[in-house]
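Quick note: numbers below take in every heavy atom, side chains included, and nothing from hydrogens, waters or symmetry partners. Starting from 1, each residue takes its place in the sequence as its number.
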Amino acid sequence: MARFELKLPKMGESVAEATITNWLKAVGDKIEMDEAVLEIATDKVDSEVPSEVSGILVEQLFQKDDLVQVGQTIAIIETEGGTVSPAPVAAVEQTPAPVATVEAVAKTVEVAKDYVAAPVSSQPQDYTHSEKFFSPLVRNIAKEEGVSVVELEAIQGTGNDGRVTKNDILEFIKNRTNAPAAAQAAPVQSQPVQAAPVSEAPTAQATVSQPVVPQPAQNAQPKAIPVSVNGQDEIVEMDRMRKLIAGYMVQSVQTSAHVQSFIEVDVTAIWDWREKNKNAFEKREGEKLTFTPIFMEIVAKALKDFPMMNISVDGDYIVKKKNINLGMAAALPNGNLIVPVIKNADQLNLLGMAKAVNDLGNRAKAGKLKPDDTQGGTYTVTNVGTFGSVFGTPIINQPQVGILALGAIRKVPAVIETPEGDFIGIRKKMFLSHSYDHRVVDGALGGSFVKRVADYMEAFDENRSF
C-alpha cells in the first residue's frame, strides 16, 4: 500500500486559494483515476478536484467551508503498490483554533480608536486596498458583520504567514459581541475633545463628544429594513454564488459614480452579412457565427482608439491596462451571472473571436469554466437583447470603469438618406447602453467611445470575407 497526497491544484495565476464547498467522496470510498473527489469555489467560479490516482480515500484534511491554499494537501488516498508521495505528519495537523480573549479584543478596538471617533460614514469598506492580504471568504464575512478595515487589519491571524483565517474573524466577531461595554468605550474616552475646558463649559463638551458614541460595528452596514413574512410566503436562502454577486453589485454601485450614455445604431449591414455567410462559416470553420463575436471584435477595436476606457482606478491613481481583455457577461442555467474573459481580444480575427466566444459560452453553460477564465478583464460587454430588452443600465464590473449593454435588434421604419433624397425604409436597429465610472470617465469620453462603436457597426463592410 502507498499513500498519495491530493493537493489543491493551481487554478490560474491570480488564484491563490479556494473554499471547499462539498466532499463528493467520504472516507473509505473507492476512487477511480480522474474521478471528482470534492467541489471547490473561488470568489467567482465553482469547480471540481479530480483524483490523479485510483485508490481508497483514507483521510480528509479539511472540512466543508474551510479555506485551502493552492498546493496544500487536502486528502490522503491509499493506493495499491507503487511509490507514491507519503503524507507528512505535519500535513495532517489541523490549524489550531485562535485563542481570543477580551484583552485582545480591547487592544483591537484601541488600535481602531481614531476610526471610532470619526463621524459615522455610509461609505462601504474597501478591503482590497489594505496592505494585508485577506481571502474573499474573510472579506465577505467582514462585510456582512460590519467589521471595519482597521479592525480587520488588527486581528492576529493564525494562518500561513500570519493570514487571517475564517476561524480568526469568527472568533473576533464572537468576542467583540461579548466584550464588556467598558472595553468598547475605552477608545472613545481617550479621544481629545476640542472644546472649552469642563470647568468653563461642561455642556458644550458633552455636545461635542456626542458624535463619537456609535459603535464601529455599525459603521459599515446600513440598518436593515425589516421584511414582513406571512405563512404563505416561501423563504429560500441565496446560494453561495448569488450571495457573492449581490455583494459585488452593491460594492460596485457604492464604489463607482455610474453614468449612462445611450445611442441607437443601424446594424442592417451586419445583419445582412451574417445571414449571407453564417452557413458557409459554420461549414468551413466548424463554428457557429453569432452576432456576439462580430460586436466583440468592434468593441476591441474601439478600445484601441480610446485607451482611457481600458483602465482601472487604484485610490488616487489610474492604471492604464496594456492588454485588452473583454469580459462577456453570461447567464447560467440557474439564473446566476458569470463573466468569462476573452484575453487579448484585440489580437483576434473574427474566426478567433468566434472560437473564444463559443468556447467560453459553452463551458459557462456546462459549469466547466476554470477560475482563470474569469480573471483579468479590463472591459465588459453584456447582451441584454438576448432576453428581449431594448436597452439597459448595466452595473460596472469592478475594478473596470465601463460596461456596454447590447440591446435587442429590431426591425423599425427609418429615414434613409440618399443622393436622390430621403426615403422611409425598414432597417435593423439596436440600442447601445454604455455605463461608465464618472470618477475618471467624463461624458465626452464615455459618449465618444460608444459613438465610435456605433460608427464601426454602421460602417461594417458587407463584402468582407471571413
Notebook entry, point to check: Going by heavy atoms in the side chains, are P9 and V70 under 4.5 Å from each other?
Noted result: no

Check: Looking only at heavy atoms, what is the nearest atom pair of S261 and V450, with distance?
Finding: CB-CG1, 4.4 Å

Checklist line | Pair E35 + K25, salt bridge at N-O below 4.0 Å | finding: yes

Check: Under the side-chain contact (heavy atoms from CB on, under 4.5 Å) criterion, do I56 and I31 qualify, and how do the steps go?
Finding: CA-CA 6 Å; I56 304 296; I31 301 172; over 6 Å; no

Notebook entry, point to check: Checking ring-ring contact (aromatic ring centres under 6.0 Å, His included) for the pair F306/Y379: CA distance, chi angles, key distance, verdict?
Noted result: CA-CA 12 Å; F306 293 89; Y379 188 88; over 10 Å; no

Notebook entry, point to check: Any donor-acceptor pair under 3.5 Å linking the side chain of N279 with the backbone of E282?
Noted result: no

Item checked: Side-chain touch I76/Q60, heavy atoms, less than 4.5 angstrom -> no

Next item on the list: Considering non-hydrogen atoms only, spot the tightest contact between L152 and A142 and give its length.
Entry: CD2-CB, 4.1 Å

Notebook entry, point to check: Is the shortest distance from a Lys or Arg side-chain nitrogen in D346 or K301 to a carboxylate oxygen in the other one below 4.0 Å?
Noted result: no

Next item on the list: Decide if the gap between the ring center of F295 and the ring center of Y456 is smaller than 6.0 angstrom.
Entry: no

Next item on the list: Show your working on side-chain contact (heavy atoms from CB on, under 4.5 Å) between M308 and F449 and close with a plain yes or no.
Entry: CA-CA 10 Å; M308 289 304 292; F449 170 77; over 6 Å; no

Notebook entry, point to check: What distance do M430 atom CE and I270 atom CD1 have between them, rounded to the nearest 0.5 Å?
Noted result: 8.0 Å

Next item on the list: For Q260 and S433, test the side chains for any donor-to-acceptor distance below 3.5 angstrom and give the result as yes or no.
Entry: no

Notebook entry, point to check: Side-chain donor-acceptor pair under 3.5 Å between T378 and N325, yes or no?
Noted result: no

Margin query: Within the supplied structure, the quantity of interest is the number of heavy atoms (other residues, nucleotides, ligands) at a distance under 6.0 Å from N230 CG; does it exceed 12?
Written below: yes

Next item on the list: Give a yes or no on whether the backbone of E39 and the side-chain of W23 come within a donor-acceptor separation of less than 3.5 Å.
Entry: no

Next item on the list: Report the C-alpha separation of M241 and L332 in whole Å, then their side-chain angles, then the decisive distance to 0.1 Å, and conclude whether the side-chain contact (heavy atoms from CB on, under 4.5 Å) test is met.
Entry: CA-CA 11 Å; M241 182 173 285; L332 300 176; 3.8 Å; yes

Notebook entry, point to check: Between S256 (side chain) and V253 (backbone), is there a donor-acceptor pair under 3.5 Å?
Noted result: no

Next item on the list: Compute the centroid of each ring, for F431 and then for F262, and state whether the two points are separated by less than 6.0 Å.
Entry: no

Next item on the list: Compare every heavy atom of L337 with every heavy atom of A330, then report the nearest pair and how far apart it is.
Entry: O-CD1, 3.4 Å

Item checked: Nearest atoms (heavy-atom pairs only) where L38 meets I40 -> CD1-CG2, 4.0 Å

Check: Would you say the side chain of R240 lies within less than 4.5 Å of the side chain of R242, judging by non-hydrogen atoms?
Finding: no

Note to self: Closer than 3.5 angstrom, by distance alone: can the side chain of T165 be matched with the main-chain N or O of D168 as a donor-acceptor pair?
What the structure shows: yes

Notebook entry, point to check: Looking at CG of N323 and NZ of K343, how far apart are the two atoms once the value is rounded to the nearest 0.5 Å?
Noted result: 9.5 Å

Item checked: Pairwise side-chain contact, V313 with V401, heavy-atom cut-off 4.5 Å (strictly under) -> yes

Notebook entry, point to check: What distance do N397 atom CG and S435 atom OG have between them, rounded to the nearest 0.5 Å?
Noted result: 12.0 Å

Margin query: Using a 3.5 Å distance criterion without hydrogens, assess whether the side chain of S51 forms a donor-acceptor pair with backbone atoms of V53.
Written below: yes

Notebook entry, point to check: Would you call V229 and I235 a side-chain contact if the rule is heavy atoms closer than 4.5 Å?
Noted result: yes

Checklist line | Of all pairs that satisfy salt bridge (charged side-chain N to carboxylate O under 4.0 Å, His left out), the ones with a partner from residues 378-395, not counting sequence neighbours | finding: none

Check: In Å, rounded to the nearest 0.5 Å, how long is the span from CD1 of I342 to CG of L360?
Finding: 6.0 Å

Next item on the list: Look up atom CG in L6 and atom CD in Q72, then write down how far apart they are to the nearest 0.5 Å.
Entry: 12.5 Å

Item checked: Minimum heavy-atom distance between A356 and L348, given as atom pair plus value -> CB-CD1, 4.4 Å

Notebook entry, point to check: Do V381 and M328 have side-chain heavy atoms sitting under 4.5 Å apart?
Noted result: no

Notebook entry, point to check: Does any N or O in the side chain of R3 come within less than 3.5 Å of the main-chain N or O of I77, such that one atom is a donor and the other an acceptor?
Noted result: no

Checklist line | Geometric cation-pi criterion, R274 with F291: 6.0 Å, 45° | finding: yes

Item checked: Derivation and outcome, side-chain hydrogen bond (donor to acceptor under 3.5 Å, both in side chains), residues T380 and Q400 -> CA-CA 8 Å; T380 297; Q400 301 164 25; 2.7 Å; yes

Next item on the list: Say whether N336 and D239, considering side chains only, have a donor N or O and an acceptor N or O under 3.5 Å apart.
Entry: yes

Checklist line | Check: N349 side chain, G352 main-chain N or O, donor-acceptor pair, under 3.5 Å | finding: yes

Notebook entry, point to check: Distance-only, no hydrogens or angles: does the S252 side chain make a donor-acceptor pair with backbone N or O of M249 under 3.5 Å?
Noted result: no

Notebook entry, point to check: For I141, does its backbone N or O pair with a side-chain atom of E144 as donor and acceptor, under 3.5 Å?
Noted result: no

Next item on the list: Would you check if V440 and I318 make a side-chain contact, meaning some heavy-atom pair closer than 4.5 Å?
Entry: yes

Check: Hey, what do you get for CD1 (I403) to CD1 (I395), rounding to the nearest 0.5 Å?
Finding: 8.5 Å

Next item on the list: Give a yes or no on whether the backbone of Y436 and the side-chain of H258 come within a donor-acceptor separation of less than 3.5 Å.
Entry: no

Check: Would you say N310 and K320 make side-chain contact, with heavy atoms under 4.5 Å?
Finding: no

Next item on the list: Test salt bridge (Lys or Arg N to Asp or Glu O under 4.0 Å) on D359 and R363 and set out the steps.
Entry: CA-CA 6 Å; D359 173 59; R363 287 197 286 124; 3.0 Å; yes

Item checked: Q69 to E17 - nearest heavy-atom pair and separation -> NE2-OE1, 2.9 Å

Check: Is any NZ, NE, NH1 or NH2 atom of the basic residue among D372 and K370 found under 4.0 Å from an Asp or Glu carboxylate oxygen of the other?
Finding: no

Next item on the list: Begin with the C-alpha distance, continue with both residues' side-chain angles, and end with the deciding distance and a verdict on side-chain contact (heavy atoms from CB on, under 4.5 Å) for I311 and V319.
Entry: CA-CA 5 Å; I311 65 173; V319 181; over 6 Å; no

